[in-house]
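Have a look at the structure below, then the notes.
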Number of protein chains: 2
Amino acid sequence: MLETTDERAGMPAVSATQGRNAGSAGTQRRRAGRPSAAVLDKAGITTAALELINRKGYDGLTMAALAKELDVAPSALYNHVAAKRDVLLLVEDHLTSLVDVSGFGPAPWEEAVRGWAWSYRNVFAEHTPLIPVIAVLPVTDAPQTLAMYETVSKGFLDAGFPQERIVSSIVALESFIFGSAYDVTAPADIFESGSMAEATPHFTAAVRSAEGQVDGPPADAAFSLGLEALIAGLGALREQRG
Amino acid sequence: MLETTDERAGMPAVSATQGRNAGSAGTQRRRAGRPSAAVLDKAGITTAALELINRKGYDGLTMAALAKELDVAPSALYNHVAAKRDVLLLVEDHLTSLVDVSGFGPAPWEEAVRGWAWSYRNVFAEHTPLIPVIAVLPVTDAPQTLAMYETVSKGFLDAGFPQERIVSSIVALESFIFGSAYDVTAPADIFESGSMAEATPHFTAAVRSAEGQVDGPPADAAFSLGLEALIAGLGALREQRG
DNA sequence: ACCACTAAATGAACGGCATTCATTTATTAG
DNA sequence: CTAATAAATGAATGCCGTTCATTTAGTGGT
């Protein structure tokens with residue numbers, strides 16, 4: 001269980017220990033045995049993992065590298081997480097807290113969903129390796145994620161959604177969002193058919209004709225198109241508010 | 001170099017060709033050096049990889065296991081693929097050829113898209129570890145995938161879609177399909193909020209009320225809902241056919 | 001017919017990875 | 001005071017993808 005890694009509540013949490021690689025100098029060895037003040041906690045592990053991911057990407061996120069970042073032996077991490085997967089979970093839950101749900105309540109439903117969806121996609125476009133983890137993640141293990149669902153559910157309910165369709169609607173939107181997050185990371189020339197171009201005339205022509213007139217990144221055009229279709233289609237499920 | 005040191009001396013001149021793992025018995029060692037008839041090719045590697053995946057899942061798909069399946073030393077694989085990623089690519093392209101595009105042409109656009117999307121999702125729901133690979137995969141490297149795009153593009157064009165919106169529309173649908181494929185693999189109790197239930201009343205209520213009345217798997221309800229919304233929304237882009 | 005080159009196999013390595021275990025030391029509960 | 005527990009080290013394990021030297025077989029040029 002993740003034990004809310006919420007930093008709003010707990011403060012920096014990492015601070016506690018001056019032990020953090022403060023001195024640029026030679027990180028002198030800590031002697032074996034339990035230290036007087038704990039060096040590690042979940043919040044600190046989360047912060048270090050994010051720092052590492054930002055600096056080296058997900059390939060650079062290894063248990064050894066994470067331990068080094070925290071100035072600790074790799075095996076020490078296993079007193080706080082059962083496996084690397086738990087580290088990814090901590091990161092995932094933290095990132096979810098960055099998703100903007102502020103539109104639900106003040107703004108009309110369409111606008112709230114639009115803002116939430118773009119924000120959600122943008123956050124995870126930088127963290128696609130987490131998506132396979134999220135997909136199978138029981139919400140119990142991720143308090144921030146659960147909080148997001150609560151806010152969004154309430155927004156749907158207040159907008160007049162029939163209760164029994166809310167979860168399916170959110171799942172449909174999320175599926176689109178996760179798939180679209182991958183799309184952001186695709187190389188620009190992904191659709192260049194190269195030597196096979198003659199064999200695929202219609203597709204090649206479609207790619208060419210789309211190239212000319214994109215406003216922003218091509219992934220944004222597809223995301224906008226699909227999102228607006230989903231908002232319109234799902235919005236039709238709403239009932240008159242009593 | 002003279003053939004002075006004949007190692008076969010001890011062996012009773014194993015008549016060249018029976019070397020293939022003919023005998024069900026103990027797969028006797030192939031001697032080093034290039035064999036008269038090539039043992040490996042891409043089709044064989046693809047088939048063996050699929051067999052392995054079906055039997056042991058993606059965790060069981062290791063280069064060593066694949067080599068064993070093909071009765072070959074692991075390093076032999078690298079004469080045919082540059083890296084494991086290439087094996088995944090071969091599998092991906094094969095699977096794409098299983099996606100049903102037969103609706104495009106005979107059936108009306110809505111129905112064709114519906115059939116294609118369900119088929120596409122069902123194929124890759126069993127192969128979600130490939131999704132990160134597909135997402136970044138230049139189509140040049142996957143002829144079957146390119147063929148699918150060609151068929152679908154033509155279907156959209158014939159249905160009256162403006163050429164410059166076809167690629168974005170397909171990408172939007174694909175994003176939804178990939179995200180939904182993950183959803184299929186999620187455990188049934190993924191949304192049980194457990195101990196946090198009181199803190200998330202609206203979400204918990206929504207989950208409860210959806211539980212009672214599902215026809216099939218919950219993932220199917222969300223997929224259907226989103227897909228119909230996308231078909232309706234994207235279909236509105238069509239122009240009158242000239 | 002020779003010879004250089006390339007292609008396709010073996011088998012022995014390599015470094016990196018997540019994880020486990022025995023051990024040490026400190027704190028906490030009874 | 002003492003037993004249990006918590007949190008660290010450090011050594012070791014096993015697997016994984018990949019590389020390299022070597023062996024053998026086919027191929028193309030003169």
Side-chain angles (χ1 to χ4, degrees), chain A residues 3 16-17 19-21 27-45 48-49 52 56-89 129 133, chain B residues 1-9 11 13-17 19-21 27-45 48-49 52 56-89 129 133:
Chain A
E3 192 67 28
T17 57
R20 289 291 271 121
N21 45 1
T27 306
Q28 64 179 52
R29 284 265 43 78
R30 194 188 347 266
R31 89 178 185 285
R34 180 181 184 172
S36 304
V39 178
L40 295 178
D41 60 11
K42 281 175 182 167
I45 291 172
L52 205 50
K56 315 253 190 178
Y58 276 86
D59 283 349
L61 180 62
T62 68
M63 294 302 271
L66 185 55
K68 194 170 194 180
E69 179 84 13
L70 289 159
D71 190 24
V72 145
S75 53
L77 293 167
Y78 290 87
N79 289 320
H80 301 266
V81 297
K84 184 180 181 181
R85 162 173 245 272
D86 287 1
V87 175
L88 297 178
L89 238 76
V133 175
Chain B
M1 177 174 285
L2 300 179
E3 48 169 331
T4 50
T5 60
D6 193 351
E7 323 202 7
R8 285 165 299 180
M11 295 176 60
V14 174
S15 177
T17 48
R20 288 291 276 131
N21 49 357
T27 306
Q28 63 180 54
R29 284 264 46 75
R30 195 191 342 267
R31 89 180 187 281
R34 179 181 186 173
S36 304
V39 178
L40 296 178
D41 61 11
K42 283 179 181 163
I45 291 172
L52 205 49
K56 315 253 191 177
Y58 277 86
D59 283 350
L61 180 63
T62 67
M63 294 302 272
L66 185 54
K68 194 169 194 179
E69 180 83 13
L70 289 159
D71 189 26
V72 146
S75 52
L77 293 167
Y78 290 86
N79 289 319
H80 300 266
V81 296
K84 185 181 180 181
R85 163 174 242 272
D86 287 2
V87 175
L88 297 179
L89 237 77
V133 174

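Convention: sequence-line order gives letters A, B, ...; per-chain numbering from 1.
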Check your understanding: Nearest-Å distance, CG (B/Leu66) to P (D/dT18)?
Key -> 12 Å
Revision key, fill the gap. Protein-proximity profile, nucleotides 3-14 of chain D, B/S/- by nucleotide at the 4.0 Å heavy-atom cutoff, equals ---BBBBB----
Exercise for review: Answer yes or no: does atom NZ of B/Lys68 have more than 12 heavy-atom neighbours from other residues, nucleotides or ligands under 6.0 Å?
Suggested key: no
Point to revise | Atom-pair distance (CG on A/Asp86; C1' on C/dA18), nearest Å | key: 13 Å
**Study point:** Set of residues satisfying ring pair (Phe, Tyr, Trp, His ring centres under 6.0 Å) with respect to B/Tyr78, sequence neighbours excluded
**Key:** none
Check your understanding: Atom CG of B/Leu70 to atom P of C/dA8: distance rounded to whole Å?
Key -> 15 Å
Practice item. Could you state the atom-to-atom distance from CG of A/Leu88 to C1' of C/dC17 in whole Å? Key: 14 Å
Exercise for review: Would you mind reading off the distance between A/Arg85 atom CZ and C/dC17 atom C1', rounded to a whole angstrom?
Suggested key: 18 Å
Check your understanding: Rounded to the nearest Å, what distance is computed from the OH atom of residue B/Tyr78 to the P atom of nucleotide D/dC16?
Key -> 12 Å
Check your understanding: Is it true that atom CG of B/Asp41 has more than 12 heavy atoms of other residues, nucleotides or ligands lying nearer than 6.0 Å?
Key -> yes
Review point. With A/Ala65, which residues qualify under side-chain contact (heavy atoms from CB on, under 4.5 Å), at least two apart?
Key: A/Leu52, A/Thr62
Study note, to complete from the structure: Hits for side-chain contact (heavy atoms from CB on, under 4.5 Å) against A/Asn79, two or more places apart or cross-chain, chain-then-number order -> none
**Study point:** Residues in side-chain contact (heavy atoms from CB on, under 4.5 Å) contact with A/Ala76, at least two apart in sequence or another chain
**Key:** A/Leu40, A/Val72
